[in-house]
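Written below as C-alpha cells is the structure these notes are about.
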Amino acid sequence: MTILADLERWAEQKPNAVAVALLDSRGAVSTTLSYSALRLEARRIGALLDRLGMRARRILLPAESSPEFAAALLGTMGAHAVPVPVPTSSRPRAIERLRAIVETAGVAHALRLSGSAALAGALAELDWFDPTTDGRLGRSAPSGEPYRHDPAALALLQYTSGSTAAPKGVRVTHANLVANLAMLRTAMKVDEDSRVLTWLPMHHDMGLVGQLLLAISSGATLLMMTPLSFVRRPETWIQAVGEHSVTVSGAPNFAYDLVTRRADRVVQPCDLSRWRVAFCGAEKVRPETLRAFATRFDANGFDPLSLFPCYGLAEATVYVSGGPAGSGLRVRAQDGAAPEVASCGTPGARVEIVDPSSRQLVADGIEGEIWVKGEHVAEGYESSDDDRDVFAAQIQGDASATYLRTGDLGFQLEGELFVTGRLKDVIVHHGENIHPDDIEVVIRASSGGYGAMGAVFSIQRNGEETVIALFEVERGTSRETMDEMIRAGMIAVADAQGLRLNDLILLAPGAIPRTTSGKVRRAASRARFLAGRLEPLLSYQARRDAARVGSAQVVS
C-alpha cells in the first residue's frame with residue numbers, strides 16, 4: 001500500500017466526495033476537487049511527466065495551498081518522479097535558499113502551477129513544465145493501470161525548516177509515509193468522516209504529511225486556507241473551524257497564543273463543539289498558552305479534552321508522539337522545580353532518552369536527548385556528510401539497533417514523552433542548564449506589550465557567558481510602555497530563573513529571524529546581534545546608559 005493506492009481506493013469508494021477544498025480570504029469555499037477528480041488530475045499530470053522521461057528525476061514543486069498542488073504532488077509521485085516541495089516566495093532571500101535546495105537535490109526541472117509565475121521567473125535556469133499549456137506534452141491519456149511502487153523507493157524530498165542549521169533534504173520513502181500516516185490515523189482517530197482544516201505551509205512536514213496526505217490516506221475532506229490568510233487575519237482560522245464543522249485542525253504554539261489574543265475578533269456565533277483534535281506541535285508546547293485558549297473559547301463549545309500536544313520532526317517523516325485523541329493537556333514539573341512541561345503523549349514507535357555525551361540510556365524522569373526508531377524514520381539526508389551520526393546512532397553497549405538522533409531534549413515518564421528544548425540552544429549559566437524558551441515565556445508573561453516572538457541566547461563577554469534576550473513588541477506600543485516592559489521582564493527573569501539578563505532588547509514586529517514554518521531561529525538572532533544588525537526600539541542597556549547621562553547632567 002502507498003498513498004497513491006489510498007487515493008485509488010477512495011476514488012472508487014466515494015468518487016463524488018470532496019477530497020480537497022480551498023477557502024478564500026473570507027473563509028468561503030472557492031474551489032474543490034472530488035476524489036475522482038483528484039485521481040484523474042493526478043493521473044493526467046503523471047502521464048505528462050512520464051512522457052517527458054521524468055522517472056526518478058527530482059521535480060521542484062511550488063507548495064501552494066490549493067487542490068492544484070495536491071494533484072501535482074500525487075501526480076509527480078505517480079510518475080515515479082520525486083517531488084521537492086518548496087515555499088512559493090520569490091523574495092531575494094527565499095530565492096537564495098531555493099538555489100541551495102536546487103543544488104543539493106540535483107534539481108533541473110520544475111512544475112509551474114497557477115500561482116508560481118514569479119517563482120518561475122526568478123528561477124529561470126530550471127526547465128519549467130506547465131501541466132496545462134506546455135506544448136511538449138502532447139495529449140497523453142491518463143493510464144488506468146494500478147499504481148505499483150517499491151515501498152523502499154523515494155516518495156519525496158522533504159526539506160527541514162532550518163531552525164538550528166541550514167535546511168536539509170530528508171529522503172522520505174513510500175514505506176516511511178505508510179508507517180507514519182498509520183500512526184497519525186490511530187493517534188488522532190482520523191477516518192473518512194473527518195473534516196480536516198489547515199492553513200499550515202504545504203512545504204512543511206506538518207502541513208504536507210500531517211494534514212494533506214493524512215486526509216487523503218484517510219478518505220477525509222481537507223479544507224485548505226493559505227498561510228497568508230492566517231497571517232493577515234489569524235481569527236479566520238477559528239472562524240473557519242466553526243463554520244465548516246471541522247473535526248481536526250492544529251498549529252504551532254504561537255498560533256494558539258495569537259488567536260487567543262484576538263478572540264474578540266471572531267464573529268459570533270462560532271460553534272467549536274465538533275473540533276475533536278486541536279493538535280499543537282512544531283515548536284515547544286506551552287501549557288499556559290493552551291489553557292488560555294481553552295478558557296477563552298469555552299463559551300464557543302470548545303472541549304479542552306480536544307487539545308492534542310504532539311511532537312515530531314521531518315527526519316521521522318513528521319509524527320513521533322501525541323495523544324491519544326481525547327486525552328487533553330497533561331503536564332509534569334520536571335525535577336519538581338522547573339516550569340511545568342506539557343506531555344506530548346504516547347510515542348507511536350520506539351523512543352529512548354539518551355545522555356548525549358555518554359550515549360547511555362537515562363532513567364525515567366531524567367532529561368536527555370530524544371532518540372527515535374521505527375519504520376517512519378527516513379533513510380537519511382540528501383547530499384549530507386552527517387547521515388550516520390544522525391540516522392544510525394547507537395546506544396552505548398548495544399550494537400543491535402540504530403536510532404535517529406533528534407537533537408531535541410526531553411524525558412519520559414509513565415510511557416509519555418515530555419519535550420523540554422533543543423540541545424543546541426541550551427544555555428549553561430553558572431553550571432546550570434537553562435532552556436532559552438523557559439526564559440522567553442517568563443518575559444512574555446511579565447507584560448501585555450510583548451509580542452509572540454522572542455529569542456534568548458548566550459554570548460561570551462569578558463570571558464564570561466552572559467544571556468541576551470530579544471523580544472518583539474505589539475504594534476503601537478508606546479515608549480513609556482516599553483520602558484515598563486523592560487523593567488518587568490528583567491525582574492521576572494531574576495525572580496523565576498535566578499538569572500540576571502545582560503540585556504533585554506525590544507524590536508519591531510517581524511524583526512526576529514524565523515524559519516519558513518514560523519519558528520524562531522535563535523542562532524541567526526545571535527549572529528545578527530553580534531554583527532550589530534539589529535535596530536532596537538529600546539533596550540535595558542540603553543535605559544541604563546540614559547539614566548547615567550541624566551544623573552551626570554543633574555550633578556553638573
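Since the structure is predicted, the reported quantities are computational estimates derived from the model, not experimental observations.
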Apply side chain to side chain contact (heavy atoms under 4.5 Å, CB included) to [X] and list each qualifying residue two or more places apart in sequence or on a separate chain.
| X | result |
| --- | --- |
| Ala72 | Ile45, Leu61, Leu111, Leu113 |
| Leu538 | Arg479, Met482, Asp483, Ile486, Arg543 |
| Ala316 | Leu313, Val320, His376, Leu404 |
| Pro62 | Thr88, Ser116, Leu119, Trp128 |

State the [atom1]-[atom2] distance between [X] and [Y], to the nearest 0.5 angstrom.
| X | Y | atom1 | atom2 | answer |
| --- | --- | --- | --- | --- |
| Ile101 | Arg97 | CD1 | CZ | 4.0 Å |
| Leu537 | Thr477 | CG | OG1 | 8.5 Å |
| Thr104 | Tyr159 | OG1 | OH | 2.5 Å |
| Glu535 | Ile505 | CD | CD1 | 12.5 Å |
| Tyr311 | Cys280 | OH | SG | 14.5 Å |

Please check: side-chain N/O of [X] versus main-chain N/O of [Y], any donor-acceptor pairing under 3.5 Å?
| X | Y | value |
| --- | --- | --- |
| Asn300 | Cys270 | yes |
| Glu64 | Gly115 | yes |
| Thr236 | Gln239 | no |

Shortest non-hydrogen contact from [X] toward [Y]:
| X | Y | result |
| --- | --- | --- |
| Leu499 | Ile439 | CD2-CD1, 3.5 Å |
| Ala215 | Leu222 | CB-CB, 3.8 Å |
| Leu126 | Val107 | CD2-O, 3.6 Å |
| Arg330 | Gly323 | NH2-O, 3.2 Å |
| Val231 | Pro234 | O-CD, 4.0 Å |
| Ala240 | Val246 | O-CG2, 4.0 Å |

State plainly whether the residues [X] and [Y] are in salt-bridge range, i.e. N to O under 4.0 Å.
| X | Y | result |
| --- | --- | --- |
| Glu315 | Lys168 | no |
| Arg522 | Glu440 | yes |
| Arg99 | Glu96 | no |
| Glu369 | Arg405 | yes |
| Asp437 | Arg422 | no |

Salt bridge (charged side-chain N to carboxylate O under 4.0 Å, His left out) partners of [X], counting only residues at least two apart:
| X | value |
| --- | --- |
| Asp298 | none |
| Glu283 | none |
| Arg261 | Asp257, Glu474 |
| Arg265 | none |

Checklist entry - With Arg171, which residues qualify under side-chain hydrogen bond (donor to acceptor under 3.5 Å, both in side chains), at least two apart? => result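 With sequence neighbours excluded, Arg171 shows a side-chain hydrogen bond (donor to acceptor under 3.5 Å, both in side chains) to Glu379, Glu382, given in chain and number order.
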Return all side-chain donor-acceptor pairs below 3.5 angstrom for residues 302-309, not counting sequence neighbours, or 'none' if the list is empty.
unit_1: Asp303; atom_1: OD1; unit_2: Leu305; atom_2: N; d: 2.9
unit_1: Asp303; atom_1: OD2; unit_2: Arg276; atom_2: NH2; d: 3.4
unit_1: Ser306; atom_1: OG; unit_2: Trp275; atom_2: O; d: 2.7
unit_1: Ser306; atom_1: OG; unit_2: Asp303; atom_2: O; d: 3.2

Item to check | Within 6.0 Å of CZ in Arg262, more than 12 heavy atoms from elsewhere | outcome: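 For Arg262, atom CZ is crowded (more than 12 foreign heavy atoms under 6.0 Å).
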Checklist entry - Which residue, Val419, Leu409, Leu423, forms the side chain to side chain contact (heavy atoms under 4.5 Å, CB included) with Ile370? => result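 One option only clears the test, and that one is Val419.
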Checklist entry - Does a donor on one side chain and an acceptor on the other come within less than 3.5 Å for Glu367 and His435? => result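 His435 and Glu367 do have a side-chain donor-acceptor pair below 3.5 Å.
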Checklist entry - Which residue pairs pass the ring pair (Phe, Tyr, Trp, His ring centres under 6.0 Å) test with at least one member in residues 470-510, sequence neighbours excluded? => result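 Ring pair (Phe, Tyr, Trp, His ring centres under 6.0 Å) check on residues 470-510 returns Tyr450-Phe471.
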Item to check | Side chain to side chain, Ile459 and Leu530, heavy atoms closer than 4.5 Å | outcome: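 Yes, at least one pair of side-chain atoms sits under 4.5 Å.
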Next on the checklist: Within the structure provided, determine whether Val318 and Gln158 are in side-chain contact (heavy-atom separation under 4.5 Å).
Outcome noted: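 A side-chain contact under 4.5 Å is absent here.
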Item to check | Pair Phe391 and Tyr381, ring centroids less than 6.0 Å apart | outcome: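 Ring centroids of Phe391 and Tyr381 are less than 6.0 Å from each other.
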Next on the checklist: Apply side-chain contact (heavy atoms from CB on, under 4.5 Å) to residues Met453 and Arg514 and explain how you reach the verdict.
Outcome noted: CA-CA 9 Å; Met453 187 63 71; Arg514 293 158 166 79; 3.4 Å; yes
Checklist entry - Can you list the steps and then say if Arg487 with Glu484 is a salt bridge (charged side-chain N to carboxylate O under 4.0 Å, His left out)? => result CA-CA 5 Å; Arg487 178 179 177 277; Glu484 178 56 32; 3.5 Å; yes
Do any side-chain atoms of residues 248-255 form donor-acceptor pairs under 3.5 angstrom with protein atoms, and if so which ones, sequence neighbours left out?
unit_1: Ser249; atom_1: OG; unit_2: Leu197; atom_2: O; d: 2.7
unit_1: Ser249; atom_1: OG; unit_2: Trp237; atom_2: NE1; d: 2.9
unit_1: Asn253; atom_1: OD1; unit_2: Arg286; atom_2: N; d: 2.8
unit_1: Asn253; atom_1: ND2; unit_2: Thr289; atom_2: OG1; d: 3.2

